[in-house]
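Below, chains carry the letters A, B, ... as their sequence lines are ordered, and counting in each starts from 1.
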Amino acid sequence: MANIDLLLQGADKVVPEEEFRARIAEGNPLRVKLGMDPTAPKVTLGWAVVLRKLRHFQEQGHKAVLIVGDFTAQVGDPSGLSETRKRLTEAEVRSYAANVLEGFKKVLIWDDDDLLEVRYNSEWLAKLDMGEVLALTSKMTLAQMLERDDFSKRHAANQPISMMEFMYPLLQGMDSVAVDADIELGGSDQLWNNLVGRELMGRYDKRPQMVMTVPLLVGTDGVQKMSQSLGNYIGVDDEPADMFGKVMSIPDEAMEQYFRLATGLAPDEVDSVVAGLADGSVHPGDTKRRLGREIVALYHDVDAAVDAEAAFDRVFREKDVPEEVDEFVLPDDDPVWLPGVLKDAALVKSSSEGKRLVAQGAVKINGEAVPGEELTRADLVGHVLQVGKRRFIRLVETA
RNA sequence: GGUGGGAUGCCCGAGCGGACAAAGGGAGCAGACUGUAAAUCUGCCGGCACAGCCUUCGGAGGUUCAAAUCCUCCUCCCACCA
């Protein structure tokens, strides 16, 4: 089948690739596992990379098996240095899971039971008794655990590694055992974890799963991987204007990666964009705008993309006020003390910050920097109060 | 079980009796500039109607005119030895 090329397109690693080619050539539908711990409520464009890959499999008749890690999320994965992630409550996990699945719907084929199966890992993990847990731990050795790069680095650096962190890959592997995965997808940072699943399946007398990883998308800072805890993410359910703006905020150097991983453009199209940038025949600003439109169109539609770009120009190029601005009712005072208003309107965190921003000329009424902390009501009512470039509020007399 | 080291602001990390709301870096925010919410440069970066006051340096007490800094106990972490 020629479709193998599409499945492999954009993949980082496929282990083992020969087996993969053979299994696809057989033509039987595969069970394609993707695990997700609902520890945060959003689906980011980083997630979308692997989701879009999963969709490719669906489009060729393979079944997406989504594992919602409701059990593992509640235990709380402390991986990532000293961060002792707070334990999530059952209610939080459930609500995050619902949000995340909602985001998944934007990318995956959702209404066909032959192409989608959603499972919660508490179904099997919560039932394990101590004997079974011990049996599980007997299947892996410390040396195998220390093969994982971040474990060995932390161990070498005398940084703590909790026993529970060792359990995590095992539990994820049990998911594969439980659902009889043929192949597991994940970000490239999951390669080792997913290979534990392959290893474990063999030890439980199952046909070991294959593993495919996709590259990680950098966040809007252009340096670290996109993640909600770092705040450098673009969510698939972000509003069009916000989504467009966030794309415009990525460093120029990150554009190629975004074109490749976050848009639907074919690889050769991306190549020509990249070549154009390199020889100066296309403008980087225009290119980033195109990137923004492509991404907004993917998760909203083309009209929304055009509108988002127009709104961006209005605010940032023409330094005008957006068309739609929330209203805020002024307090009764006259004159009005602006730092207090800024705080009450949640444009700033504290009145101290408000004072500083006024002093820095960052607070504007109708585009004019305010001269001091106090203004008369007459100067304010009906006007737009602005902080920085992107925080606006319209002041009104009454609600 | 023993010995030694450590816990500092969103994160990393200096400080080890007064000059500490606490160096430096990162993140964040703002201003200038720009094709941009890129880059770069500059400033800000605990709170309070603020030239003053209040609350912060793991927790609780104590010494002192004065404590992030010294003492006591507690909690947690790390290393080495067993």
With hydrogens left out and only the distance checked, is there a donor-acceptor pair under 3.5 Å joining A/Asp252's side chain and the base of B/G35?
yes
Set out, in order, the CA-CA distance, both residues' side-chain angles and the distance that settles salt bridge (Lys or Arg N to Asp or Glu O under 4.0 Å) for A/Lys246 and A/Asp238, then state yes or no.
CA-CA 10 Å; A/Lys246 284 182 181 175; A/Asp238 280 351; 2.9 Å; yes
Pairs of donor and acceptor atoms involving the side chains of residues 42-51 of chain A, under 3.5 Å and at least two apart or interchain, shall be tabulated with distances.
from: A/Thr44; atom 1: OG1; to: A/Gly46; atom 2: N; distance (Å): 3.2
from: A/Thr44; atom 1: OG1; to: A/Trp47; atom 2: N; distance (Å): 3.2

Within the distance-only criterion (no hydrogens, no angle test), does the side chain of A/Glu117 pair as donor or acceptor with the backbone N or O of A/Val65 below 3.5 angstrom?
no
Please report the distance, rounded to the nearest Å, between CG in A/Asp221 and C1' in B/C10.
15 Å
To the nearest angstrom, the CG-C1' distance between A/Leu277 and B/G35 comes to 12 Å
Please determine whether a side-chain nitrogen or oxygen atom of A/Ser249 lies at a distance below 4.0 Å from atom OP1 or OP2 of B/A38.
no
Does A/Asp237 use its side chain to pair, donor to acceptor, with the backbone of A/Gly103 at less than 3.5 Å?
no
What's the closest nucleotide to the side chain of A/Lys288 if the choices are B/A38, B/C29, B/A37?
B/A38
Measuring only the P atom in each nucleotide, how far is B/C10 from B/C48? A whole number of Å is fine.
15 Å
Determine the interatomic distance between P on B/G4 and the same-named atom on B/C74; round to the nearest Å.
16 Å
If B/C53 has a Watson-Crick or G-U wobble mate with both distances under 3.5 Å, name it; if not, just say none.
B/G47
All N/O donor-acceptor pairs, side-chain side in residues 392-399 of chain A, below 3.5 Å, sequence neighbours left out:
from: A/Arg394; atom 1: NH1; to: A/Gly382; atom 2: O; distance (Å): 3.3
from: A/Glu397; atom 1: OE2; to: A/Arg377; atom 2: NE; distance (Å): 3.3
from: A/Glu397; atom 1: OE2; to: A/Arg377; atom 2: NH2; distance (Å): 2.3

Scan side-chain atoms only and decide if A/Gln190 and A/Asn193 contain a donor-acceptor pair under the 3.5 Å cut-off.
yes
Would you give me the side-chain donor-acceptor pairs under 3.5 Å for residues 196-210 of chain A, sequence neighbours excluded?
from: A/Arg198; atom 1: NH1; to: A/Gln209; atom 2: O; distance (Å): 3.0
from: A/Glu199; atom 1: OE2; to: A/Arg203; atom 2: NE; distance (Å): 3.1
from: A/Glu199; atom 1: OE2; to: A/Arg203; atom 2: NH2; distance (Å): 2.8
from: A/Lys206; atom 1: NZ; to: A/Asp180; atom 2: OD1; distance (Å): 2.9
from: A/Gln209; atom 1: OE1; to: A/Ser176; atom 2: OG; distance (Å): 2.8
from: A/Gln209; atom 1: NE2; to: A/Ser176; atom 2: OG; distance (Å): 3.4
from: A/Gln209; atom 1: NE2; to: A/Glu184; atom 2: OE1; distance (Å): 3.0
from: A/Gln209; atom 1: NE2; to: A/Asn194; atom 2: O; distance (Å): 2.9

Is it true that a side-chain atom of A/Asp12 and a backbone atom of A/Val214 form a donor plus acceptor pair closer than 3.5 Å?
no
Can you list the residues that meet the side-chain hydrogen bond (donor to acceptor under 3.5 Å, both in side chains) rule with A/Trp192, with sequence neighbours excluded?
none
Once you apply a heavy-atom cut-off of 4.0 Å, does A/Pro251 come out as touching a base, just sugar-phosphate, or nothing?
sugar-phosphate
Output the rounded distance in Å from OH (A/Tyr258) to P (B/A38).
13 Å
Rounded to whole angstrom units, what separation is found between the CG atom of A/Asp333 and the C1' atom of B/A49?
10 Å
Between P on B/U36 and CE on A/Met255, what's the gap in Å once rounded to a whole number?
13 Å
With a 4.0 Å cut-off on heavy atoms, is A/Gly388 in touch with a base, just the backbone sugar-phosphate, or nothing at all?
sugar-phosphate
Quick one: do the A/Thr220 and A/Asn232 side chains pair a donor with an acceptor below 3.5 Å?
no
Sticking with atom C1', work out how far B/G28 lies from B/U64, rounded to a whole angstrom.
40 Å
Rounded to whole Å, please give me the gap between CG in A/Leu347 and C1' in B/C29.
13 Å
Just checking A/Asp242: base, sugar-phosphate only, or nothing, at a heavy-atom cut-off of under 4.0 Å?
base
Under 4.0 Å protein heavy-atom contact, by nucleotide of nucleotides 50-56 of chain B - B base, S sugar-phosphate only:
B------
Is any side-chain nitrogen or oxygen of A/Lys343 closer than 4.0 Å to OP1 or OP2 of B/C48?
yes
So if I take every side-chain heavy atom of A/Ala362 and compare against B/A38, B/G31, B/C29, which nucleotide ends up nearest?
B/G31
Measuring only the C1' atom in each nucleotide, how far is B/A19 from B/G26? A whole number of Å is fine.
28 Å
Would the distance check show the side chain of A/Gln257 and the main-chain N or O of A/Ala254 forming a donor-acceptor pair, the cut-off being under 3.5 Å?
no
Answer with base, sugar-phosphate or nothing: what part of the nucleic acid does A/Ile250 contact at a heavy-atom distance below 4.0 Å?
sugar-phosphate
Does A/Ile250 offer a backbone N or O that forms a donor-acceptor pair with the side chain of A/Tyr258 under 3.5 Å?
no
Sub-4.0 Å heavy-atom contacts from residues 315-323 of chain A onto RNA chain B, ordered by number:
A/Phe316, A/Lys319
When rounded to the nearest 0.5 angstrom, what is the spacing between CG in A/Leu6 and CD in A/Gln60?
5.5 Å
Extract all donor-acceptor atom pairs below 3.5 Å that involve side chains of residues 264-273 of chain A and protein atoms in other chains or at least two apart in sequence.
from: A/Glu269; atom 1: OE1; to: A/Ala266; atom 2: N; distance (Å): 3.3
from: A/Asp271; atom 1: OD1; to: A/Arg260; atom 2: NH1; distance (Å): 3.4
from: A/Asp271; atom 1: OD1; to: A/Arg260; atom 2: NH2; distance (Å): 2.8
from: A/Ser272; atom 1: OG; to: A/Glu269; atom 2: O; distance (Å): 2.9

P atom, B/C65 versus B/G1: distance in rounded Å?
40 Å
Review item, nucleotides 21-25 of chain B N/O atoms under 3.5 Å of protein N/O:
none

For atom C1', what is the distance between B/C57 and B/C20, given to the nearest Å?
10 Å
For a quick test of reading the model: is some side-chain N or O of A/Lys246 closer than 4.0 Å to OP1 or OP2 of B/A38?
no
Listed pairs under 3.5 Å, donor-acceptor, residues 341-365 of chain A side chains, sequence neighbours left out:
from: A/Ser350; atom 1: OG; to: A/Glu353; atom 2: N; distance (Å): 3.1
from: A/Glu353; atom 1: OE1; to: A/Lys349; atom 2: N; distance (Å): 3.1

Using atom P of each nucleotide, how far apart are B/A66 and B/G18 to the nearest Å?
14 Å
Counter-base of B/G24, judged by Watson-Crick or G-U geometry with both distances under 3.5 Å
B/C12
Contact list (N/O, under 3.5 angstrom) for nucleotides 40-44 of chain B vs protein:
from: B/G43; atom 1: N2; to: A/Gln360; atom 2: OE1; distance (Å): 3.2

Considering only heavy atoms, which members of residues 374-381 of chain A lie under 4.0 Å from some atom of RNA chain B?
A/Glu374
Using atom C1' in both nucleotides, what's the gap between B/A7 and B/G59 to the nearest angstrom?
11 Å
Please tabulate, one pair per line, all N/O donor-acceptor pairs under 3.5 Å involving side-chain atoms of residues 307-314 of chain A, not counting sequence neighbours.
from: A/Glu309; atom 1: OE1; to: A/Arg293; atom 2: NH1; distance (Å): 3.1
from: A/Glu309; atom 1: OE2; to: A/Arg289; atom 2: NH1; distance (Å): 2.9
from: A/Glu309; atom 1: OE2; to: A/Arg293; atom 2: NH1; distance (Å): 3.2
from: A/Asp313; atom 1: OD1; to: A/Arg289; atom 2: NH1; distance (Å): 3.0
from: A/Asp313; atom 1: OD1; to: A/Arg289; atom 2: NH2; distance (Å): 2.7
from: A/Asp313; atom 1: OD2; to: A/Arg289; atom 2: NH1; distance (Å): 3.4
from: A/Arg314; atom 1: NE; to: A/Val321; atom 2: O; distance (Å): 2.5
from: A/Arg314; atom 1: NH2; to: A/Val321; atom 2: O; distance (Å): 3.0

